[in-house]
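Just the heavy atoms: all of them, side chains too, but no hydrogens, waters or symmetry mates, feed the values below.
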Amino acid sequence: MIDPAAPAPGKPPLWRKVWEFPLVAMIVSLGLVMAAIMGSGWLFSDLPKRMDKVSAIAIQGTVATLLVVLVMKYLVSRLGRYKHDDFPLAPALMDWTRGLVIGSGLMALAVGIAALLGVYRITGWGTGRDLVMVLFSAGLVAGFVEESLFRGVLFRWIEEMLGSWGALAITSFLFGFAHFFNDHATVFSSVAIALEAGIMLGACYMLTRSLWLAVGLHMGWNVTQGFVFAVPVSGHPVEGMVRAELTGHPLLSGGAFGLEASVIGLGVATAAGLWLLRRAIASGQLRPPMWARPKG
């Protein structure tokens, strides 16, 4: 006798449909990643009192990054209807290295244009005292943790619901808004971050369907910007290899926020982002919203 209350053969039960629904999976994923971030902060909350600041930053950054990557690889990857590992080992070294080179090259290009236009100039050698902070905070943590949150969690699940265009628009806006509370931030700087970084990093994720390229690009951009050229990293001044100054109209120099808030940074990074996006579309990575996909 067939139980009329039992689900039809081949159809998942209601609880599983709810559990695997993209919005539910996104909320759970956010909770897991945030728990890893807050857990690492709690574990090492007294560390700055026990050792020097440089060592504390290095340890805290490394542990936070490691916990987030483990959560993404072994927990978040198992959520949702379509299981997906955003940190696969096979393309890791190649994609991460390519990202570093692209990010560093784009920032060097932006600085070079700024120098030619007379808004950036080197005034002497720097002390390099912020190397650890740049490598671990602006490099390691910003690259792995921010990309896990914005691309590995938000972009992934929003794309499953609203398609690639919806995911790109929403995550770009959120990424720009997240920088609105940085030192020296303005509405223009947040819009610039949304356009230049949101599109570029989202396109990296679409193109490769992993986080390695986006992580490498994010790290290369930040570290080159701060440590190599001593340009403020999203509003945070850095003591790098050289001493440098940005002068002239804020639209060209970015003012105290740095080149990311300039039309130079906006033009260079957005052009690169659109090129990557075009490549992603050409390779068939543009996905429709859930209501436009065939059922089954």
Side-chain angles (χ1 to χ4, degrees), residues 48 51-62 64-65 96-147 175 178-179 181-186 189 192-193 196-197 200-201 214-269 272:
M51 60 178 59
D52 63 280
K53 183 180 177 181
V54 171
S55 299
I57 288 174
I59 293 173
Q60 287 176 318
T62 301
T65 298
W96 181 71
T97 303
R98 283 196 302 165
L100 285 175
V101 172
I102 294 171
S104 299
L106 289 174
M107 178 47 63
L109 176 60
V111 171
I113 294 172
L116 287 174
L117 294 176
V119 297
Y120 171 88
R121 82 183 173 95
I122 295 173
T123 59
W125 288 106
T127 63
R129 66 185 180 189
D130 288 337
L131 173 61
V132 172
M133 186 275 290
V134 173
L135 286 178
F136 286 89
S137 297
L140 196 68
V141 173
F144 281 94
V145 176
E146 289 184 15
E147 290 312 304
F175 194 66
H179 291 77
F181 303 98
N182 287 18
D183 294 341
H184 312 295
T186 63
S189 70
I193 291 285
E196 62 195 29
M200 183 165 59
L201 296 169
V215 167
L217 198 156
H218 200 152
M219 292 177 67
W221 174 276
N222 280 358
V223 173
T224 302
Q225 176 178 213
F227 186 69
V228 177
F229 294 113
V231 172
V233 180
S234 300
H236 302 295
V238 175
E239 183 71 30
M241 291 173 56
V242 298
R243 293 185 183 275
E245 61 181 18
L246 291 166
T247 57
H249 197 285
L251 277 177
L252 285 177
S253 68
F257 191 84
L259 284 174
E260 291 169 325
S262 71
V263 293
I264 298 171
L266 180 62
V268 168

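Contacts classified as salt bridge (charged side-chain N to carboxylate O under 4.0 Å, His left out) and involving residues 223-234 (residues at least two apart or in different chains) are not found. Listed by first and then second residue, the side-chain hydrogen bond (donor to acceptor under 3.5 Å, both in side chains) pairs involving residues 105-117 amount to none (not counting sequence neighbours). Pairs passing the side-chain hydrogen bond (donor to acceptor under 3.5 Å, both in side chains) check and including a residue from residues 98-121, sequence neighbours excluded, read Asp95-Arg98, Ser104-Thr224, Arg121-Glu245.
When all heavy atoms of Ala142 and Asn222 are compared, the pair lying nearest together is CB-ND2, 3.7 Å. Between Phe229 and Ala108, the shortest heavy-atom contact is CE1-CA, 3.8 Å. Met200 approaches Ala272 most closely through the heavy-atom pair SD-CB, 4.1 Å. Considering every non-hydrogen atom in both Pro232 and Leu246, the closest pair reads CD-CD1, 4.1 Å. Taking each heavy atom of Gly235 and Pro237 in turn, the nearest pair found is O-CD, 3.4 Å. What you find for Val132 and Ala58 is that their closest heavy atoms are CG1-CB, 4.2 Å.
At least one donor-acceptor pair closer than 3.5 Å links the side chain of Glu196 to the backbone N or O of Leu266.
Distance CG/Leu217 to CE/Met219: 11.5 Å, rounded to 0.5 Å. Here the straight-line distance linking atom OG of Ser189 with atom CG of Asp183 works out to 11.0 Å at 0.5 Å rounding. Separation of atoms CZ (Phe144) and OG1 (Thr65) is listed at 7.0 Å; rounding is to 0.5 Å. Interatomic distance, Leu135 CG to Ile57 CD1, rounded to the nearest 0.5 Å: 11.0 Å.
Contact annotation: the side chain of Thr62 approaches that of Leu140 to within less than 4.5 Å [non-hydrogen atoms, C-beta and beyond].
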Carefully, step by step, assess Ile122 and Arg243 under the rule side chain to side chain contact (heavy atoms under 4.5 Å, CB included). CA-CA 6 Å; Ile122 295 173; Arg243 293 185 183 275; over 6 Å; no
Trace of the side chain to side chain contact (heavy atoms under 4.5 Å, CB included) decision for Val238 with Met133: CA-CA 9 Å; Val238 175; Met133 186 275 290; 4.2 Å; yes
Val233 and Val134: CA distance, side-chain angles, deciding distance, side chain to side chain contact (heavy atoms under 4.5 Å, CB included) verdict: CA-CA 9 Å; Val233 180; Val134 173; 5.6 Å; no
Between Phe227 and Met241, does the side chain to side chain contact (heavy atoms under 4.5 Å, CB included) criterion hold? Intermediate values first, please. CA-CA 6 Å; Phe227 186 69; Met241 291 173 56; 3.2 Å; yes
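Glu147 pairs by the salt bridge (Lys or Arg N to Asp or Glu O under 4.0 Å) definition with Arg151, not counting sequence neighbours. Looking at residues two or more places apart in sequence or on another chain, you find a side-chain hydrogen bond (donor to acceptor under 3.5 Å, both in side chains) between Thr127 and Glu239.
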If you look only at distance, which donor and acceptor atoms sit under 3.5 Å apart when one is on a side chain in residues 252-264 and the other is two or more places apart or in another chain?
from: Ser253; atom 1: OG; to: His249; atom 2: O; distance (Å): 3.3
from: Ser253; atom 1: OG; to: Gly255; atom 2: N; distance (Å): 3.1
from: Glu260; atom 1: OE1; to: Ser234; atom 2: N; distance (Å): 2.9
from: Glu260; atom 1: OE1; to: Ser234; atom 2: OG; distance (Å): 2.7
from: Glu260; atom 1: OE2; to: Trp221; atom 2: NE1; distance (Å): 2.8
from: Glu260; atom 1: OE2; to: Gln225; atom 2: NE2; distance (Å): 3.4
from: Ser262; atom 1: OG; to: Leu259; atom 2: O; distance (Å): 2.6
from: Ser262; atom 1: OG; to: Ile264; atom 2: N; distance (Å): 3.3
from: Ser262; atom 1: OG; to: Gly265; atom 2: N; distance (Å): 3.0

